Structures are given as C-alpha cells and as structure tokens.
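These notes are about the structure you will find just below.
It should be emphasised that the depicted structure is a prediction, and the values quoted were computed from it without experimental measurement. For the single chain, residues carry numbers from 1 onward in sequence order. First listed ligand is number 1; within each ligand, the first listed atom is number 1.
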Amino acid sequence: MHSTHPPYTPSPVYQELRAILETFDHPPKALVKSFGCQLNFCDGEKYKGVLSDLGYVLTDSPEDADVILFNTCAVREHAQSRVTGQIGSLKSLYERNPSLIIGLCGCMAEEEEVRALIRKSYPFVKMILGAGAMEKLAESLLNVYRADGKRYETTGLDGLPDESLPTVREHHFLASVPVMYGCNNFCTYCIVPYVRGRERSRSPKAIEAEVRSLVEKGYKEILLLGQNVNSYGKDLEEPMNFPELLRRLDAIKGEYWIRFMSSHPKDATPELIEVMLHSEHIEHHLHLPVQSGSNRVLEEMNRRYTIEKYLSLIQDTREKNPDFSFSSDLIVGFPTETAADFEQTLSLIETVRYDNLYTFIYSPRPGTKAAAMPQVSSPEEISQRMQTLLSRQREISEAHNARFIGKSCMVLVEKYDGASGKLNGKTREAMNVEITGADAYSEALVGTMVSVRITAAKNWALVGTLE
Ligand code: SAM
Ligand code: SF4
Ligand code: F3S
C-alpha cells in the first residue's frame, strides 16, 4: 500500500484521539472493507489514509482490529444484504471484545431505513458515518470513544471532502482520482442520487495538482471518477466542461494513461470524442452505460437519450478510429421491460459489438420511482433473458476482439502470475491482454508499459507475446 500525505493540519480532534490511542497496550489496528463502485473504493482509500495518519495499523483480519469500518454500497438489494450478513457475523467478536468499534459508512449509512435497522438489530454497531460526511471520520471515532458505549451517527450529502485528507492507495501504478461527487439525474431505478446528494465538482486546479503529483510519482494509469463525469464543472464558479478538464490533464508530461468513468450518454458529446482521439494520454475507450435497447424503457428509466442518438456517437467514433473500444452497463428486468423490449436490447448489442458488458438484474430500491412500478415479467423470464444476453455477448466479444490480431499494442502490465508464468495487462483501448511465454519475464514488469504483438483473441482477453 502506498500512502500520500499532502500537508495536513492536525486538529484538536486528532490530538485528543491520538492521546486516547497512546493509552492502548498494543498498537491500534483498523480494518476498512469497501463495497460497490470505484468511487466508493476511492473513499475507502481516504478512510485508510485518515486511520493511518491517526496511528492505526491497517489490517485485513477482523480478529486483530480495534476498528472495523464497512464502507457500503446501496445500489442493489444484494449489495446491502451482503453487508448486513457480514456485520451480523461480527456479533460474537464484539461480545468477546466490547471495546471493538464497528462502523457502518458509505452509501447505506445515508439511508434512514438502514440506520433504523442498525439501531434495532445491530446495537453493537457504534458508529454510523454517511458517504457525504467522510471527513468527519476522526470526529466520529472520538465521539464513540468519549460516548463510552453509545452510538454516534453523522450523515451529510452536500460537502466536498477536504482536499487535504490523506490517502492510502491500494496500488503503486494505478490511481483513482474523483473529479466530482453526487448525481442530479434521478434515473427511476437508481438510489445513488438519494445517498450521494447533488453534483459537486472538485476544482480543476486541485485535480490537476493531484494528477501531476501522481504522474511524478510514477503512476501509469489515472482513473478519473464521477457518477456522470460529462456534467463535470457545471457547478463551478467559473464553469468548465469535462473535455476542457481532459485537455488540461493531457498536457501534463510523462508516460501515463488517463481513463474515466462513468459517462452518461445524454451528455457525451462529439467534443469529448475529439479530445480523446487527439490526446496523447487519454485511453481510446469509453464506458457508456446504455441500460436498455428500448426507447420506451429508456424513457421510463428517465435516461433522456434515444438509441438512435447513442448509436450515432458510437458510429462516428468508429469511423475515426475502428479500434476504439466501448463498454456498457445493462439492466435486465426493469419493471416494464417486455420480451419485445429485451429483443431490442439484444439487437442493440449486435449492432454495437461492445468489448465488455456489465449486466445487472433489476433490483427494486425502496423510495425510487421504479420501485412503485408493477413488474411485468416473472423471475424465470428475467433470468432466462440474462443467460441469453451473456451467451450472445461472449460470441460478440470473441469475434470483435479479433480486430487486434496481428497488431502491435502498448500494454500496461498489471499482474504477474508466477504459477502460469503469464503476465496480464491492458491496452490503451482498455482491452485485457494475457501475455504468454513469460518464463523469462519477471514481476519487475508489473506497472510498466511494454510492447506486445497480439496473436489470438478470446472472449474475455487478447493473447500476445512481448516484442
Ligand atoms: N452513473 C452511472 C451511469 O449512469 O452510467 C452508473 C452508476 S451505477 C452505480 C452502476 C450501474 O448499476 C448502473 O449503470 C446500472 O446499470 C446499475 N444499477 C443502478 N441501479 C440499479 C438497480 N436498481 N438494479 C440493478 N442495477 C442497477
Ligand atoms: Fe444512478 Fe442514473 Fe445517476 Fe447513474 S446517472 S448514478 S444510473 S441516477
Ligand atoms: Fe454503490 Fe454508492 Fe457506488 S450506492 S455503486 S457505492 S455510489
């Protein structure tokens, strides 16, 4: 793990907390478990940063920990039940060690029903810290220590995290950089706007300084994050659009790539594509979540684009660069989705030929508009649609990936598997590559860019050899 410590002013809260931790008869330890999207993992890196700054040693073992934080996701029912299951399994650990602080953080903590459930059924959870109140971590911990057994709750949806919060990064060559928080779109199925609040953009200066410092430290891939990066900057005092931010970041000298997600199709513009295609560092890949191939369903989802507009952006891009890659999110079983709507989704994936698809069975989220819509399909029909979609996409990926065979690509090496002697990495189009015959190659190549000749294509990766 790699720690970044920008200038950080220790507050009286920090001093008092450190003084409490110094009375421990062992080094204090903390475990942070993140769930959900990359933005949430990014928040988790900040929780870790604050905890290490306070003097906690980070651990993966619940048995060793003095503090366990669940940094949660609320996007689907399954994500929530996983967390409540894991929290429930810590009850006996708490009974053996009542000084253990278990905290519920992140998106679930912003939901009143979840907080009510925690109060009622999980009284051993002593801290609730909402996703929008991240910078109050130290203050919350101090309050729990002071409150001696009472629960402490903080939530909030409006703020931007303090720019000086320290970060402990998971990787030494991949780094996530949030550019904005929140979402204004209220897609009818989605809980995110309710648990993350309205859109707030970080200042371009702060983002540029962070990216520059990461590049100087040798990071090779910078992932810019936001729920809809294409509306970046609209709320700034001096408004700036996302393509302009990308231009500024691309001007930073060095050997690195920039990726970003997510792009809402309603705001993805030809200007964005132009900046990407003419850049030195921006990946030739766009994650463009479509959700459904049916215009009627898209309208009921409140997505505010049509399939025709969506396809025209993809076609224009491919005309300029046939290798450019696209991935997407699709929801199967939206309440009003009929068999005919699903056929349109199948037809869309045939037309687009995505390089990668992330598919989700619709999960009703209480409080959202779609949760009140009657479901027209049976669970069996929905699950059958999902199987059909996945098997069709596997065939499409394999055929479409073949366009890279015989080409020479720069690959950022991400992993070395000693057992198989294989290296894994990604091209500038974000295509996964398995580099074979790597016996003579070593782990030292991880985190570097290498040139690879592509020799074959599978449905989930390209195969190649080092040049
Ligand atoms: N902001 C991104 C966008 O609009 O493209 C998406 C962020 S969301 C966290 C990631 C994906 O989760 C969505 O694109 C959608 O496919 C899926 N999702 C959101 N709500 C869902 C729900 N209630 N049931 C199933 N999937 C859902
Ligand atoms: Fe959810 Fe839609 Fe916002 Fe994405 S754009 S986070 S799907 S409401
Ligand atoms: Fe989940 Fe929150 Fe992300 S609901 S998908 S962790 S913004």
Side-chain angles (χ1 to χ4, degrees), residues 33-45 47 70-83 104-111 114 129-132 134 155 157 176 178-200 224-232 242 260-268 286-293 297-298 300-305 310 326-335 337 345 354 356-373 375 382 385-386 389:
K33 276 194 117 170
S34 290
F35 299 80
C37 63
Q38 267 143 321
L39 259 168
N40 216 43
F41 276 82
C42 202
D43 289 353
E45 293 184 336
Y47 290 128
F70 286 89
N71 180 27
T72 59
C73 170
V75 81
R76 281 171 289 275
E77 170 65 32
H78 176 66
Q80 297 213 165
S81 49
R82 250 177 87 201
V83 168
L104 179 87
C105 310
C107 293
M108 278 170 70
E110 294 289 353
E111 291 181 285
V114 171
L129 180 70
M134 190 160 63
T155 56
L157 294 175
S176 300
V179 299
M180 61 189 295
Y181 294 86
C183 178
N184 289 355
N185 291 316
F186 289 95
C187 302
T188 55
Y189 51 82
C190 186
I191 195 77
V192 171
Y194 301 89
V195 293
R196 285 280 175 169
R198 297 296 70 73
E199 289 170 359
R200 290 96 70 198
L224 307 178
L225 293 172
Q227 288 303 345
N228 174 16
V229 290
N230 296 331
S231 46
Y232 172 80
F242 187 60
F260 55 86
M261 66 188 297
S262 278
S263 270
H264 194 304
K266 80 179 164 61
D267 303 311
L286 196 56
H287 181 63
L288 204 56
V290 68
Q291 315 298 356
S292 168
V297 171
L298 286 178
E300 282 161 8
M301 287 176 160
N302 190 31
R303 290 291 287 179
R304 288 175 281 169
Y305 51 84
Y310 182 89
F326 288 94
S327 59
S328 197
D329 294 347
L330 270 172
I331 295 179
V332 178
F334 183 77
E337 179 190 86
T345 297
Y354 288 110
N356 225 329
L357 257 190
Y358 300 87
T359 50
F360 307 101
I361 287 191
Y362 168 72
S363 167
R365 303 318 292 129
T368 60
K369 260 194 179 165
M373 298 179 187
Q375 176 54 260
I382 294 172
R385 283 177 205 161
M386 182 59 115
L389 187 65

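Side-chain contact of Ser231 with Glu199: a donor-acceptor pair under 3.5 Å is present, judged by distance alone. For the residue pair Asp329 and His287, a side-chain donor N or O sits within less than 3.5 Å of a side-chain acceptor on the partner. Using modelled atom types, one finds no donor on one side chain facing an acceptor on the other under 3.5 Å when comparing Asn71 with Asp43. With 3.5 Å as the limit, one finds a donor-acceptor pair spanning the side chains of Asn230 and Ser263.
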Applying side-chain contact (heavy atoms from CB on, under 4.5 Å), run through Cys183 and Arg196 and close with a yes or a no. CA-CA 7 Å; Cys183 178; Arg196 285 280 175 169; 5.9 Å; no

Criterion side-chain contact (heavy atoms from CB on, under 4.5 Å) on Tyr305 and Gln291, from CA distance to verdict: CA-CA 11 Å; Tyr305 51 84; Gln291 315 298 356; 4.2 Å; yes

Walk me through it: do Arg365 and Gln80 pass the test side-chain contact (heavy atoms from CB on, under 4.5 Å)? CA-CA 11 Å; Arg365 303 318 292 129; Gln80 297 213 165; 3.1 Å; yes

Is there a side-chain contact (heavy atoms from CB on, under 4.5 Å) between Val83 and Leu104? Walk through the geometry before answering. CA-CA 9 Å; Val83 168; Leu104 179 87; 4.2 Å; yes

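Summarising the geometry of Pro178 relative to Cys42, their closest heavy-atom pair is CD-SG, 3.6 Å, with the distance given to 0.1 Å.
With rounding to the nearest 0.5 angstrom, the SG atom of Cys187 is 11.5 Å from the NZ atom of Lys369. With rounding to the nearest 0.5 Å, the separation of CD1 in Ile331 from CZ in Arg76 is 8.0 Å.
Ligand 2 is never approached by Arg196 to a heavy-atom distance shorter than 4.0 Å.
The protein non-hydrogen atom at the shortest distance from atom 7 (S) of ligand 2 is Tyr189 OH, 3.3 Å.
Annotation: side chain of Met373 is in contact with side chain of Thr188 (closest heavy-atom distance under 4.5 Å).
For ligand 1, the 4.0 Å heavy-atom shell takes in Val75, Arg76, Tyr189, Gln227, Ser262, Pro289, Gln291, Arg303, Asp329, Ile331, Phe360, Ile361, Tyr362, Ser363, Arg365, ordered by chain and residue number.
Excluding water, every protein N/O/S atom under 2.8 Å from atom 3 (Fe) of ligand 3 is given here by residue and atom: Cys37 SG. Protein N/O/S atoms found under 2.8 Å from atom 3 (Fe) of ligand 2, listed by chain and residue number: Cys183 SG.
Residue contact check: Arg303 has heavy atoms under 4.0 Å from atoms 2 (Fe), 7 (S) of ligand 2.
Tyr181 meets the ring pair (Phe, Tyr, Trp, His ring centres under 6.0 Å) test with no other residue; sequence neighbours excluded.
For Arg82 and Phe35, the positive end is not near the middle of the six-membered ring at less than 6.0 Å and at most 45° from its axis.
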